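Written below as C-alpha cells is the structure these notes are about.
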Amino acid sequence: MQYHSPTSFSDAVSIAAEAQGTTRFLAGGTDVLVQLRSDLVEPDTLIDIKHIDGTHDIVQNADGSWTLGVAVTGAEMSEHAELCAQWPGLVEAMDLIGSTQVQGRATLTGNLCNGSPAADSVPAMFAAGVTVSVTGPDGTRQVPVDQIPAGPGKTNLAKGELISAVHVPARGTGGGDAYLRFIPRTEMDIAVVGCGVNLRVEGDTITEACVSLGAVAPTVLLVEDAAKALIGSTLDDAALDKLAAAAAAACNPISDKRGTIEFRTHVAGVLAKRAAKIAYDRAKG
Amino acid sequence: MALDSLKTDGFKQIGTRPNRPDGLDKVTGRALYGADVTAPGMLWGVIVRSPHAHAKIVKIDTSKAEAMDGVKAVVTRADFSDAIQPAAGPRGEMWNVLENVMAGDKALYDGHAVAAVAATSQLAARDAAKAIVVEYEVLPHVTDVDKAMAADAPVIREGATEKSVPEGMHPNVVRYHESGHGDLEAGFAEADLVIEDTFKTEATHQGYIEPHACLGTLGGDGKGELWCCTQGHWNVQKVCAALLGLETSQLRVTASEIGGGFGGKTAVFIEPVALALSRKANKPVKIVMNRADVFRATGPTASTSMDIKIGMKKDGTITAASGLFRCQGGAFPGAPMEFTAMCAFAPYNLQAVKQTGFDVMTNRPKQAAYRAPGSPMAAFAVESVIDQLCNQLGLDPIDTRLKNASREGTQASFGPKWDRIGLVETLEAAKAHPHYSEPLKEGQGRGVSCGFWFNHGGETAVSLALSEDGTVQLAVGTPDIGGSRASMAMMAAEELGIPYENVRCTIADTATLGYNEISHGSRVTYASGLATIKAARDAVKKLCARAAAKWGIEEDAVKWEDGCAVPSGPNAGDHEPLPLAKITAKMGATGGPIVGHFEATPEGAGVSFATHIVDAEVDKETGKTTISRYTVVQDAGKAIHPTYVEGQFQGGAAQGIGWALNEEYIYGEDGRLQNAGFLDYRIPVASDLPMIDAVIVEVPNPGHPYGVRGVGETSICPPLAAIANAVSAAAGVRLKQLPMSPPRILAALGTHD
Amino acid sequence: MSKVHVTTHINGDEVDFLCDPRETVLDVLRDRLGMTGAKEGCGTGDCGACSVTVDGRLVCSCLMLGVEAAGKEITTVEGIATEAELHPLQQKFIEYAALQCGICTPGILVAAKNLLERNPDPTESEVRYWLAGNLCRCTGYDKIIRAVMDTAADMREAS
Amino acid sequence: MSLKPVVKIHLWSGLRAFTGGEDVVEVEAATIGELLNGLVARHPGLEDIVESGVSVAIDGKVIASGLSEAVAPENEIWLMQRLKGG
C-alpha cells in the first residue's frame, strides 16, 4: 500500500488518476481502516486529503449557505453552534455515527463515499438538498448528493475523481430538518432504518418537504410521495398516516442480521412520522 | 475435609472495602495482559481458519507462504501429537481439544483452525497466512439444534455418542441426562392450571474485551515457557503438554493479567499453536487473536430449545414440573445440558419433577463455559412459565415463589436434600426492597425471577511465606478475574492479625505451586480463600511454635491474638505478647523460613441463589426495549469485599441484559457466522443500562471458615427470565425466544406479518 | 514494502519511528514503541479500549494510521498521571472498584478525562453517552459512571 | 478384610438403563471411592460413566470429586453428574 498526503486537490487527482489497482481516499478513515483491518479491502494507493487547505473548514457563505471541508469531523460539526442551530437534523445524523471516538474522525464525505445504504448522514444530506463539489481530471463540478451513491459500496465517482467540498443550502426562514434512525441499542449500531425529513412552513402549513429513507433499499432513497403527503398539510393525523404509508411503500429492503423486510418496512413509516413531527416543530421555531 | 467452626462476625478485615493491589497498575496502563509482553527475537503467529461450516480438508499448500520474506515456520495438524485418540465421553475430551485447536481431516465450523504461520512481524504473518492455500470439499452442514436432531441432518461425527443416549436418536445427539422424582401424572392431575410451552435461546459469547493472546517458547529439548491470558494456567500446561507430547513439568506457564474470561478462558485455543510454531522456528512466538476470530472460533455458550410443563393449584402450589432441554454446543460433545436440566427447577420444592437433557452437535464452534453454564437458559424457560401461571391465577410472583421455595432439608429437583441455602432470604429481601413496591409507569412491565448455581471447589494449593520484616507473600494459583487478590490478602490479614497492606498476593506460575484448578465455578474466593485461611493458620501454628521455644513452654500453651503470639492462659506463664514481625526478624536463627501451606480439594462450595427484579419499557411501534430499573438480590454467604461482590452482581446482570435483548450468534444459510464483531454482536453499552442496585444477602455457607459462597456465576441466572417477564408484561404478549430483539417483539405483537 | 519515517509527540515527548503505512497508531504504540497501555479489543473502532487523544480530540488509535501521527500531539493512558500523583479519575476508579479485569480501563480513563475537560459538570446521561464507545464487559458500568460523576464533583469543588 | 457398612446410593434416573431399572443401589462402602467401586462392581454398565467423572452428594453437601470422603448408612447419598463451572 502506497500512502500519499498531497497538499492540493489537483495533486490528489493526479495521484488517483495514475494509480493502479485499488485506490482509497483517506479522511477520517473510520471505514477505510476497518476494511483494511478486516482484510476486506487493502488499497494499493491511499490518498490522505487532510493536508489540503480548507478541508477542515466550516464556512458560512454570504448567501447563508454553508461550505464544509471534506475532512471536517462529526465532532467539529456538533461543536459549531450556528450550524447546529440551522441544520440540527443534518448535524444530529452525523453525530449518530459511531462513538465519541469515531466522531473525532468520521466525516460526511467519508460516510457518503463508503456507499452504505445505512449511512446515517446520507439521508439527512439527501433531505437537506446538499450538493458536493466533485474534482477530477476534467476540473470541478457541483453534483446533488443523491447522485453520488450507486449501490451498496459503490459510488458514481469516476477514476481520479474525489469530492472536494460539501455545500449545504442556506436554511432560510421557516425551515426545519430532522433525522431519526432505528437501532436496537442506544449507540454504536448501524441503522436498521433511517429517515430524514426537511421541510418549510408558512404559518402552520408545510410548503416544501423532502423525505429520505436509509437502509431500506440498495441506496438511500428520496421519497417523493412521502414529501407530497406533507406539502400543503399542517401535519395532521391524515397527513402523517399518508406519510407513513408512502414511506413504507417506497421500501425495498432485505432481511439480514440487522432486521427483516417486514420490520424495516413498518419502522420506516414509524420513523417518518416521528421525524416529520420534530422537523415541523423546528420549522415553526 | 473436616470443617472448623464457622466464624461469621467480629472481623477486622472481612467486610471492609480496601483498594485492590492491582489497581495502580491497571489505571496507569502498566498492567501486563496477554498481548503486552515481548521476547527477544520474537515472531508473530497467525492462524488460518476455515471459511466453511463443514468441509473435508483435501490439501493444504503452504509452499507459497513458506517462500515469503520473514516466514519462519508453518504448522498443521501433523505437528501435534498423534498419541491422542478419539473416544466417546469425557475420555475423548483431549482429542476434542486437539481437534478444535487444529483441524484434522475435516473443518467442522466456520473459523476452525486448519494451519498456522509464524513470521517476523504481524503484517508479514498475516500476509503469509493469506498465501496458504487450502483445498476443501464442502460437506452439508447444520447449525440449528432442532434441525441437528432431525433424521435428515448431516452426521457431524460418528462414534461420539455416549452409551447413555437412548437408542434411535440421531448420531448428533451425543449425551443424555434424565433425573427427577415423584409421580408426574398424578401431580399434573392435581393442578388447577397446567401450562406447557416451548422456548428457544441463541448462543451468546462471553464477550471479554481482551482477545486471547499468548507468547510461547519451546525448544528442541522439550522445555518450554508460556505466557498467556487464561483462567487456569495449570490446565493450559496439562493440555499443551498432551497436545505437543511434552512432559508436563517441562512447560512452565505464567498467567498474565486477564482481560475478562467469564468461562471463555477456561479453554485452550491458541497456546499449543504458538508452542508448535516456536518448536519449529526455534524462536519465541506470539499469537494474538483478532476479534472476528474470537467470535468465530472461541467458545460461545450453548443455544437451546426447551419444552416446559408446570402444573399449579389456585393457591400457587406447584404440583408437578417437567422439562426437556436440547442444548447445542458446536461440533463437539460438551453442551452443558445436564446443568441446564439440574438447575431448571432447583429453586422449587417439588413433589413430582422430571428433567431431561440432550447434548447435540452442530457445525458451530466448540462451546465453552459461560458463567453458570447452562443454568440461565433453564431459568428463562421455567421462570417464564411460572410467571404465566402467576398471571393467569392472579398470584403475586414473589409470594408464589416463596410458597414453593427450596429450603434446608427439602429435596432438590436433582435428588439430594438441600443443606443450608439462602433462596428464601433473597426472595424476602426482594419483596421488602422499595423497587418491588414502586408503582410502574405507563408502558412499563415488571419481571421477577430466581436463579441457581451449584458453585465449585476444586484442587487448590496456596503458599504463604513470611518475610523478615513481618510482611507476607501470598502465592495463589487461581488467576484473578474479579479482584480476588484483594480478597485473599484480606483473609490472610484477618487470620494473621496484620494490616491488609502488609500482604502481597500474587498469582504464582505453574512451577511454583501444586496443581490449581481453573478459576471457574465461582470457586476462587471460596476455595483459594479457604486455602489462604488454612495456609495462614498453618503459618500461625509455626509462629506459635517459635514463641513457645523462645518462652520455653509447650506449643499448645501459645495462642495467636491480634497479630501476636501470647500465652494461652495463666498457667503458660507471664510473657509479653510477641508480635509477628519480632518472630520473623529472628526466624533464620530460630528454625528457618516460616511458610504456611495448604494443598487439598475443598469440598464444601455452598450453592447460591438469587432473585432479580426488573422494570422494562417497550416501544410498541418499534419493538425496542429499555431497561428502566434493575435490582439484584443474591446470597453471598459472606461478602469478603462487598464492593467486589456488588461488581459481580452488576456484571452478571448486565451480561444477562445483553443476552436477553440483543446478543446472538447469527448464522447464514451458508453456515458462516454473520456478526463476528462488536458492531453486530451487540453487548450492552453504557447508555443502554440503568444503575444496577445490588443487595447482598448473607446466609453463611457451612463449608467455608467464614461462610463464603461463590458469587460470580449465579448473577447471570435470573436476568433472562426476569427481563422476559418484564418485557412480556410491558408488551402484553409472551416472548418465548431470545434474544427479544425488536423484530421479534414486533412480530410477537403482530404489528406486522 | 517501504516504511515511513514519522515524527510525533507522545505524552509530551518527541518520538520518532518507522512504520509500514498499513500500521495503525495502536500498532505503533504497542509494537514499535512498547507502550502497551492502549489495548486492542477489536481493531475496528467498536470497543474503545485503544482510546487516545490526538491534538486534544478523543479517537480510537486503531482507526488512525501511524503515518497520520506526523506532527500531532498524542496522549495515552500512560500520560494521564503526573510524576507526582495520579489523576483524580485514576484515584477514584481504584477507590470505587470501577474496574474489574481492567482491560477497558485505560480507554475509559482517557475518554472520561477528555469529557471532563470539555464538560466539568456532565449529567449521568451525558457520561453514559460519551462513554458508549467504551465497552466494559465486567462491571455493568454502574461503578464506572459513579466514579466519573464523583470525580467531576470533586474536581469542581477543588477548582 | 473388615466388613464395610452397607450404604444406599441414589442414581439419577437416566442411569436406570444400566442397572436393570434400579435407581437405588446398596453397596458396602465407607468412603466415596469404595462406594463408586462397589457401584461399578454391581453394575458394570456404569463403569464408563463413573470413570469419566461423577460427583456425590452426602446429606446435601456436594462432593465434586473427592474419593476419600466418608460415607455411612445414615447418610442420604446421591450420585450426580460431575460439577464444573464458568
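Since this is a predicted model, take the numbers as computed values, not measurements. Residue numbers start from 1 in every chain, and the chains themselves are labelled A, B, ... in the order their sequence lines are given, proteins ahead of strands.
- Inter-residue side-chain proximity for D/Asp48 and B/Glu162 is flagged as unmet; no heavy-atom pair is nearer than 4.5 Å.
- At least one donor-acceptor pair under 3.5 Å links the side chain of B/Glu603 to the backbone N or O of D/Ala64.
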Go through D/Phe18 and B/Lys163 one step at a time and tell me if the side chain to side chain contact (heavy atoms under 4.5 Å, CB included) criterion holds.
CA-CA 9 Å; D/Phe18 306 103; B/Lys163 284 197 297 186; 3.9 Å; yes
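- Within the 4.5 angstrom heavy-atom criterion, only side-chain atoms of B/Gln231, from C-beta onward, approach chain D.
- In this structure, D/Ile58 CD1 and B/Asp419 CG are separated by 11.5 Å, a value rounded to the nearest 0.5 Å.
- In this structure, no portion of B/Glu459 lies under 4.5 Å from any heavy atom of chain D.
- Heavy-atom distances place the side chain of D/Trp78, and not its backbone, under 4.5 Å from chain B.
- To the nearest 0.5 Å, the span separating CE on D/Met80 from NE2 on B/His177 amounts to 8.5 Å.
- Rounding to the nearest 0.5 Å places CZ of B/Phe414 at 12.0 Å from CD of D/Gln81.
- Rounded to the nearest 0.5 angstrom, D/Ser52 OG and B/Arg91 CZ are separated by 7.0 Å.
- Annotation: maximal heavy-atom pairing with chain D below 4.5 Å, among B/Pro90, B/Ser179, B/Gly415, occurs at B/Gly415.
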Kindly determine whether B/Ser164 and D/Leu15 satisfy side chain to side chain contact (heavy atoms under 4.5 Å, CB included), including the steps that lead there.
CA-CA 7 Å; B/Ser164 56; D/Leu15 297 183; 5.6 Å; no
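- The contact between B/Phe262 and chain D is made entirely by backbone atoms, counting heavy-atom distances below 4.5 Å.
- Between atom NE2 of residue B/His456 and atom CZ of residue D/Arg82 there is a gap of 7.0 Å, rounded to the nearest 0.5 Å.
- By number of non-hydrogen pairs under 4.5 angstrom with chain B, the leading residue of D/Gly53, D/Ala57, D/Ser65, D/Ser55 is D/Ser65.
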